[in-house]
Amino acid sequence: MIKLEDFVKIKDYKFKHINNNAVIYIDDINNVEPESIKQLLNVSKLPGLVGDAIAMPDIHWGYGFPIGCVACTNYDEDGVISPGGIGFDINCGVRLLRTNLEYNEIQKYKEKILDELFKEVPAGLSSESDIRLSKSEFKKSIIKGIKWALEEGYADKNDLNFIEDNGYKRESSFDYISEEAIERGKNQLGTLGSGNHFLELQIVDEIYDEEAAKRLNLFKDQVVLMIHCGSRGFGHQIATDFINLMLKVMENKYKIKVEDKQLACVPANSEEGKKYIYSMNLAANFAFINRQIITYKVRKVFKKLLNTKEVEIVYDISHNMATIEEYSYNSKKYKLVMHRKGATRALPPFHPSLPNEYKEIGQPVLIPGDMGRYSFVLVGTETAYKETFGHTCHGAGRIKSRNQAKKTINYNELIKELESKGISIRAASKATILEEAPQAYKDALNVVDIVHNANISKKVAKLRPIGVVKG
DNA sequence: ATGTGC
């Protein structure tokens, strides 16, 4: 049984378990579902954990690990890596594009822009790309990562500076990838997918931090675009393959016992651990290219309809990923396996991995909200570096299950409601729209306010959707 | 999230 009173408030918006290495950033501990707390406590018992298993205010139930969670293990002392701590959609992430246009300059072209975006960017379950590659071309492209996109003309040279890890994971390989993964991924580059993934036309609605907004080249009433998607069937198959592999060797070969089979894991420095890391990084490359090709399509549409050449990347972040990093924790140096699942990196100002343009403000944090309300831009802080291994939340989090949403929400009413707010929809499936209705989600503003008040990231801008392309 | 399953 989960006892909520076992979590004590150690400062505003932060609760720590009295016996376990688990903390939750939340306004009120009663606002967390017991199932996801149980999952967090399971994670806190993983071999080699360093510090606490950390939950963000958008925590909700997931596969093994809760979504909205950070867990770090000690690579040098057989700390584990677990695919469930990354998620099936490896390198699911968000990219924000800015234009030099104001809302009033595009208002009359809005529907046309959405038509073209919907035509150019394949969306929906099992949607396929117009880019056809042979198996060997596909392999070459994913190994090269975003550098392939640059060579092929899908990226501008400057783009790479504004993507986390420059859009390229060097430690990647096809050696441990199944034919199935290749088959599933081969024709999916530059596709949106389904579920909560989207391409939105948005307007900068409110600026909270003028200085940081200026550095990010964001201004009120500006037209921006947000891309939320990941590694499609490719990453999904890689996750599936490695969960199966780890289930086979975890107990027999490595004598690891976990609280839940879905926490299947192996030591990160083991044979299987290293194979997973190389494969996960490959899926990460896929997702970076995926968001890059969608960017290319957006640029094409804006050039064609508005003759706008300025569509620049503000930033591109991953919220489902693990990285192996040297990190100081409690004045001790570690090589950490940092699992982040539904959590966003939020590095402080002057961190060496930030682009020069953003050095003084910290790492941009992109938080997708729901299609009817808003999304957010924040920046990382020193407090995050000290308390959360440099992380913050990733989104709103569900309150209604997909089925509940489909049963209780009326499609026509929803579309009318969105229209009345000035939001137009292009979607491959009606069911997805119902599943992703604003009513199915928590208010992202509450989530963002908690991380802001806990100082693990700072609000910079609020973005409001005016057009949504979905699967 | 996902060729929406073991």
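All values reported here derive from a predicted model rather than from experimental measurement.
- In this structure, A:S194 reaches the sugar-phosphate backbone alone: every heavy-atom distance under 4.0 Å involves primed, P, OP1 or OP2 atoms, never a base.
- Outside the 6.0 Å centre-distance limit, the rings of A:Y176 and A:F242 are not counted as a close aromatic pair.
- Figure legend: A:K335 and A:Y75 shown as a cation-pi pair, the cationic atom lying under 6.0 angstrom from the six-membered ring centre and within 45 degrees of its axis.
- A:G195 comes within 4.0 angstrom of the backbone, heavy atoms only, and of no base.
- The residue A:Q188 sits close only to the backbone: its heavy atoms come under 4.0 Å of sugar-phosphate atoms, none of a base.
- Rounded to an integer number of Å, the gap from CG of A:L434 to P of B:dT4 is 20 Å.
- Look at OH on A:Y63: it is 12 Å from C1' on B:dC6, rounded to the nearest Å.
- Summarising the geometry, the separation between CD on A:E128 and P on B:dT2 is reported as 14 Å, rounded to the nearest angstrom.
- Phosphate contact (OP1/OP2 of B:dT4, side-chain N/O of A:R402, threshold under 4.0 Å): absent.
- Here the P atom of nucleotide B:dT2 and the CD1 atom of A:I238 are 14 Å apart, to the nearest Å.
- Atom CD in A:Q262 sits about 10 Å away from atom P in B:dC6, given to the nearest Å.
- When rounded to the nearest whole Å, the span between NZ of A:K261 and P of B:dG5 equals 22 Å.
- In this structure, the CG atom of A:N403 is 15 Å from the P atom of B:dT4, given to the nearest Å.
- A donor-acceptor pair is defined here as one N or O able to donate and one able to accept, closer than 3.5 Å; such a pair exists between the side chain of A:D58 and the backbone of A:H394.
- Here the P atom of nucleotide B:dT2 and the CZ atom of A:F242 are 20 Å apart, to the nearest Å.
- The cationic atom of A:K147 (NZ for Lys, CZ for Arg) lies less than 6.0 Å from the six-membered ring centre of A:Y168 and within 45° of the ring axis.
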